[in-house]
Student: 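Just dropping this structure here.
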There are 2 protein chains.
Amino acid sequence: MHPYAELISGTLLFEGLADGHVNELLGIAVEKAYEKNEMIFMEGDRASGLYVSTDGMIKIYKLSQEGKEQILHIFGPGEPFGEVPVFSGGTFPAHAEAIVKSRALFFPRDALVGLITGNPAIALNMLAVMSMRLRRFTVQIENLTLKEVPGRLAAYLLMLASEQNNNKVVRLNISKAHLAGFLGTIPETLSRMLARMANLNLIHVAGREIKLLDMDGLSALAESGKIVDL
Amino acid sequence: MHPYAELISGTLLFEGLADGHVNELLGIAVEKAYEKNEMIFMEGDRASGLYVSTDGMIKIYKLSQEGKEQILHIFGPGEPFGEVPVFSGGTFPAHAEAIVKSRALFFPRDALVGLITGNPAIALNMLAVMSMRLRRFTVQIENLTLKEVPGRLAAYLLMLASEQNNNKVVRLNISKAHLAGFLGTIPETLSRMLARMANLNLIHVAGREIKLLDMDGLSALAESGKIVDL
DNA sequence: CGTATGGATTGACTTAAGTCAACGACAACG
DNA sequence: CGTTGTCGTTGACTTAAGTCAATCCATACG
């Protein structure tokens, strides 16, 4: 059995696919490995298939002329990326880079289109994945334009907590510089906001461990987007 | 023949669908009409199908606590909206409101899922539509976070020009207040930026008619996101 | 024909967050 | 054990864009 059969058949994208199909699919997949900070593809590159991360962590991001980066997604094992050009043609809309040593499977476009054509369940899975992406983008745009940095940060921390069993102590799985890039700000500002929120006894910060002290306060901040007091 | 058969079979979403299917689909569609400023659905509403605009103009938007609005899309005839919950379940991710007297067809979820299941071409069309939405969102996030207001405005004007036969005189099809909402700013700021760009002889503004005087300058501004002077 | 009404503009002021630069902490490594 | 580099923090300053308020303009309307 293929080493990634279990991972692949457990992903949202390929779930419900018969074992035969999974093995067939894995037969045509190309395994790729990337060092930390290695580019996987660049915005504008011609695309010929999609990737599924199997190991490590991948950032998808845009870069401004001046070099500021806006992170769109950070993907871990099991998550597909680079799927947009498979269906709308053309080129990748953003850059992809491994932020730690990573591995991914690459699936050529034609095999996927064939699979989807013959397999309505996979088509619906793919539509579900893309719908969730769209949903997350609307939230991200909302956060970026309708909330200030402390509001975005509070919303992020609450999201992390809900992902991590609603534990009161969350652990950042990325560097603070990357978090700043995801929140649409810069490390200096993030640092100041963490300090302010600690002053207000909303949180307690120890490296990448952040203790959420006042869930109601954080929720209010995440909702209103405005910090109540200094 | 159904009055909207031509419009529907010409949309990206349903193109390539056999006439029989189109008529069947139109048989189950519900026609809806909306006055100017009437809500079509609200963020958080339980969804049971998607809409295709047939007439008028629809804005899809988010609202902040303080009432500021961020417009995500403005859709005209032939464009589907409200499709996200059809595939990922749950509720609408944003509000939809008619900005002029409008009409739309509503397609119940089950009929669509059935159609897609039995019709791979439609599945691929839907995937193409959603891919393009994702692509546009990445551009929108890039503009909102990596460019300043003049850069976003220049990019918008150039996009309008390319949509309108590359004419040097573009016509805004929405109010300046709505444009501000789409660009992630407020009418006052938009007004000032138009004035600044006019001062720099980049454009000439006469109501909703905007003459693009310096395409290279506008491109530079749209790229860099920074206004060169004044 | 005067007057509401919504859209747009302008001015004075405030503020969130970016820039630039220095410094601190900590781990990895020779 | 000091050196080097990465990551994070802090301070002083600048700036883009938001707020609030007044005004303007055009069109619609009684």
Side-chain angles (χ1 to χ4, degrees), chain A residues 35-37 64-70 99-101 143-154 171-199 203-210 221 224-230, chain B residues 35-37 59 64-70 99-100 143-154 171-199 203-210 221 224-230:
Chain A
E35 291 305 312
K36 180 177 176 175
N37 298 329
S64 77
Q65 215 67 12
E66 299 87 38
K68 191 187 165 193
E69 86 177 20
Q70 172 65 49
I99 61 178
V100 298
K101 206 168 193 289
N143 285 340
L144 288 168
T145 63
L146 300 179
K147 290 178 188 165
E148 298 174 353
V149 175
R152 291 175 225 163
L153 176 53
R171 177 163 186 81
L172 300 181
N173 43 357
I174 52 175
S175 72
K176 287 180 184 170
H178 276 135
L179 177 54
F182 182 72
L183 295 178
T185 185
I186 55 173
E188 292 96 317
T189 299
L190 175 61
S191 190
R192 288 182 233 274
M193 296 310 159
L194 283 168
R196 271 173 79 184
M197 286 167 64
N199 264 343
I203 57 175
H204 179 260
V205 185
R208 288 195 178 185
E209 304 265 314
I210 299 180
L221 185 54
S224 77
K226 282 231 182 279
I227 212 161
V228 186
D229 197 6
L230 175 67
Chain B
E35 291 305 311
K36 180 176 175 177
N37 298 328
K59 69 174 172 188
S64 77
Q65 214 69 11
E66 300 87 36
K68 192 188 164 192
E69 85 176 22
Q70 173 65 49
I99 61 179
V100 298
N143 286 338
L144 287 168
T145 63
L146 300 179
K147 290 179 188 164
E148 298 174 355
V149 175
R152 290 176 226 163
L153 176 53
R171 176 164 186 80
L172 301 181
N173 44 356
I174 51 175
S175 73
K176 288 180 184 169
H178 276 135
L179 177 54
F182 182 73
L183 295 178
T185 184
I186 55 173
E188 292 95 316
T189 299
L190 175 61
S191 190
R192 289 183 233 273
M193 296 311 161
L194 283 168
R196 272 173 78 184
M197 287 167 63
N199 264 343
I203 57 175
H204 178 259
V205 185
R208 287 194 179 185
E209 303 265 315
I210 298 179
L221 185 53
S224 77
K226 281 232 182 279
I227 211 159
V228 185
D229 195 8
L230 179 73

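Not measured: the values here are computed from a predicted model. Every heavy atom of this structure was used, including side-chain atoms; hydrogens, water molecules and symmetry mates were not.
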Student: Taking CG from N199(B) and P from dT9(C), how many angstroms apart are they, rounded to a whole number?
Tutor: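 After rounding, the gap between these two atoms is 13 Å.
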Student: From the list dT9(D), dA17(C), dT9(C), which nucleotide is the closest neighbour of the side chain of E148(A)?
Tutor: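 The answer is dA17(C).
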Student: Is a side-chain N or O of Q70(B) found less than 3.5 angstrom from the main chain of F182(B), in a donor-acceptor match?
Tutor: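 Checked: pair present.
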Student: Provide, to the nearest angstrom, the distance between the CG atom belonging to L194(B) and the P atom belonging to dG7(C).
Tutor: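 After rounding, the gap between these two atoms is 17 Å.
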Student: Would you tell me if any nitrogen or oxygen in the side chain of K68(A) comes within less than 4.0 Å of OP1 or OP2 on dT19(C)?
Tutor: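 K68(A) to dT19(C) OP1/OP2: no side-chain N or O under 4.0 Å.
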Student: Rounded to the nearest Å, what distance is computed from the CD atom of residue E188(A) to the C1' atom of nucleotide dC13(D)?
Tutor: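 About 13 Å, once rounded to whole Å.
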Student: I99(B) has an atom CD1; how far is it from atom P of dG7(C), in whole Å?
Tutor: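 So the two atoms are 11 Å apart, to the nearest Å.
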Student: Expressed in angstrom and rounded to an integer, what is the separation of R208(B) atom CZ from dT27(D) atom P?
Tutor: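 Taking atom P of dT27(D) as the reference, CZ of R208(B) is at 12 Å.
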Student: Taking the side chain of A195(B) as its heavy atoms from C-beta onward, which of dT10(C), dT10(D), dA17(D) lies nearest to it?
Tutor: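 The answer is dT10(C), which lies nearest to the side chain.
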Student: What residue among L221(A), T189(A), L194(A) forms side chain to side chain contact (heavy atoms under 4.5 Å, CB included) with P150(A)?
Tutor: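 Going through the options one by one, the only one that passes is L221(A).
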Student: Please tell me which of the listed nucleotides, dA17(D), dG8(D), dC20(C), lies nearest to the side chain of P150(B)?
Tutor: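 Looking only at heavy atoms from C-beta outward on P150(B), the closest nucleotide is dA17(D).
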Student: Could you tell me whether the phosphate oxygens of dA17(D), OP1 or OP2, come under 4.0 Å of any side-chain nitrogen or oxygen in T189(B)?
Tutor: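 Indeed not, no polar side-chain atom of T189(B) lies that close.
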Student: Consider the side chain of R152(A), meaning its heavy atoms from C-beta on, and name the nucleotide among dA21(D), dA17(C), dA8(C) that approaches it most closely.
Tutor: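 The answer is dA17(C).
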Student: How many whole angstroms separate atom CG of L183(A) from atom C1' of dA16(C)?
Tutor: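 The answer, rounded to whole Å, is 15 Å.
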Student: Measuring from atom OG of S191(B) to atom CD1 of I186(B), what distance do you get when rounded to the nearest 0.5 angstrom?
Tutor: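 If I round to the nearest 0.5 Å, the distance is 10.5 Å.
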Student: Roughly how far apart are H178(B) NE2 and N173(B) CG, rounded to 0.5 Å?
Tutor: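 Going from the NE2 atom of H178(B) to the CG atom of N173(B) covers 11.5 Å.
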Student: Rounded to whole angstrom units, what separation is found between the CD atom of E66(A) and the C1' atom of dA16(D)?
Tutor: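 Result: 14 Å.
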Student: The side chain of T185(B) is closest to which nucleotide in this list: dT9(C), dG18(D), dA8(C)?
Tutor: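 Per side-chain heavy atoms of T185(B), the pick is dG18(D).
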Student: To the closest 0.5 Å, what do you measure between CD1 (I210(A)) and CE (M197(A))?
Tutor: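 It comes to 8.0 Å.
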Student: Whole-Å distance between dG18(C) C1' and Q70(A) CD?
Tutor: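 Atom CD in Q70(A) sits about 15 Å away from atom C1' in dG18(C).
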Student: Is a donor-acceptor pair below 3.5 Å formed from side chain R192(B) to base dG11(C), judging by atom type as modelled?
Tutor: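 Check passes, donor-acceptor contact within cut-off.
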Student: Of the nucleotides dA16(D), dT19(C), dT9(D), which one has an atom closest to the side chain of I186(A)?
Tutor: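 So the nucleotide nearest the side chain must be dT19(C).
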